[in-house]
Amino acid sequence: MNRTFIILCVACFAVLWGCAEPPAKKIKIGLSMDSLRVERWQKDRDIFKAEAEKLGAEVIVQSADGDERRQNAQAENMLTQGVDVLVVIPKDSVAAAQIVQAAHAEGIKVIAYDRLIRESEPDLYISFDNEQVGYLQAEYLLRQKPKGNYFLLGGAPTDNNAQLLRKGQLRALQGAIDAGDIRLVAEGKHWAVNWEARDALKKTEQVLTQTNNRIDAVVASNDGTAGGVIQALQGQNLAGKVLVSGQDAELSACQRIVKGTQTMSVYKPIHLIATKAAQAAVALAKGEQIAEVTQTVNNGKVDVPSILLTPIQVDKANLDEVVIKDGFHSREAVYQTE
Ligand code: BGC
């Protein structure tokens, strides 16, 4: 028997052995979303799905349309459908603890996507540094207006991110508050229910009335609510005169930045969080470790293994460089004149 013959036999055997193995079961991922109302979430969904499918997995997506009870029921349903891993963007950071418990009872791992799930033991938290987002919002406005009346308009109080943003905003402003340069109007206590632009509009109108229009800056926590704030300012001929922050670099916000009615936004590259989360979901389903975990974040119960990505301040000067160059929006769309 010559060497070539032996090698050939071994190779044939290996091929046949390979064929005899049952085909690998396709990994099934459940993506449970709070809602799709804010522009970014459609990108999150599409990029997440495309990446997971590229890795050979199947994705079931459910959106709860802003209803935490519906979200819990949808998550239970996905568990019944036999998902191998659950990825959750919680409507309510506390109510979603139930989802983690239900999944773990069946040995299914859970990733908290963009928003932390509290009082439970999620297997991974992947987000941007949200406290830093808040810091960047307020820090930018403070540089433009170091003295004056500031209105802090938070996001949905049920969203852990809204709390982290507020923490970062106050960190940026505290020195100026203590020095008496910045005064928080409406006691800084306003939150926009469900992150709704309509509620932001209403609350800004109330604060404008209460203060006799004496507001110099509104620290709006995202672009959706910034839209409501700016509408209220327009009603008083104050749009472009009062500083307004935002977050997400939504198309309409970028257009407002060009126009000068919104001062800045915070860009968070969605393609990064969505692809990394999809890769992590597939890895967890296979029982693998997530190499990229660099830190932990305490959620009131445990230190959750976390990946926190870096947010970027954007204004008129760097919109092209940051948002358009990254392919987030086209130049034509951003600079479109009505
Ligand atoms: C996200 C923001 C988003 C907001 C409203 C937050 O948790 O981090 O990007 O604008 O929810 O959907």
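Source: prediction; values computed, not measured. Scope of the values below: all heavy atoms of this structure, side chains included, with no hydrogens, waters or symmetry mates. Indexing begins at 1, ligand by ligand and atom by atom, following the structure's order.
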Asker: Determine, for Asp84 against Lys25, whether the closest basic-nitrogen to carboxylate-oxygen distance falls under 4.0 angstrom.
Answerer: yes
Asker: Select the closest option to atom 10 (O) of ligand 1 among Val133, Asp248, Val38, Asp159, judged by heavy-atom distance.
Answerer: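 Residue with the shortest heavy-atom distance to the ligand atom: Asp248.
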Asker: For atom 4 (C) of ligand 1, what is the closest protein heavy atom, and at what distance to 0.1 Å?
Answerer: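 Looking only at protein heavy atoms, the one closest to atom 4 (C) of ligand 1 is Trp195 CE2, 3.6 Å.
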Asker: Taking 4.0 Å as the limit for heavy-atom contacts, which would you say applies to Asp223 with ligand 1: side chain only, backbone only, both, or neither?
Answerer: neither
Asker: Looking only at side-chain N and O atoms, does Lys268 offer a donor or acceptor that is under 3.5 Å from a partner on Gln247?
Answerer: yes
Asker: Run the numbers for me: atoms of ligand 1, each under 4.0 Å from some heavy atom of Arg115, listed by number.
Answerer: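 In order of number, 4 (C), 5 (C), 6 (C), 7 (O), 11 (O), 12 (O).
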Asker: What I want to find out is whether Lys301 reaches Glu119 closely enough, with some N-O distance under 4.0 Å, to be called a salt bridge.
Answerer: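 Salt bridge between Lys301 and Glu119, a charged N being under 4.0 Å from a carboxylate O: no.
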Asker: If you have a sec, work out which protein heavy atom is nearest atom 8 (O) of ligand 1 and how many Å separate them, to one decimal?
Answerer: Asp114 OD2, 2.7 Å
Asker: Are any of the side-chain nitrogens in Asp320 or Lys325 under 4.0 Å away from the carboxylate oxygens of its partner?
Answerer: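 Answer for the salt bridge query: no.
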Asker: With a cutoff of 4.0 Å, is Arg37 in contact with ligand 1, counting heavy atoms of the residue only?
Answerer: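 The answer is no, since Arg37 has no heavy atom less than 4.0 Å from ligand 1.
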Asker: Please work out, at 4.0 Å between heavy atoms, whether the side chain, the backbone, both, or neither of Phe128 comes within that distance of ligand 1.
Answerer: neither
Asker: Going by an N to O cut-off under 4.0 Å, is there a salt bridge joining Lys147 and Asp216?
Answerer: no
Asker: Report the nearest protein non-hydrogen atom to atom 12 (O) of ligand 1: residue, atom name, distance rounded to 0.1 Å.
Answerer: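 Checked against all protein heavy atoms, atom 12 (O) of ligand 1 sits closest to Trp41 NE1, 2.9 Å.
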Asker: One thing to verify: whether Arg40 and Glu250 come together as a salt bridge, which I'm taking to mean a side-chain N less than 4.0 angstrom from a carboxylate O.
Answerer: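 So Glu250 does not pair with Arg40 through a salt bridge.
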Asker: So, are Glu205 and Lys202 salt-bridged, with charged N and O less than 4.0 Å apart?
Answerer: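 A salt bridge is absent here (no side-chain N lies under 4.0 Å from a carboxylate O).
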Asker: Below 3.5 angstrom, do we get any N/O pair linking Asn130 and ligand 1?
Answerer: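 No; every N/O pair is 3.5 Å or more apart.
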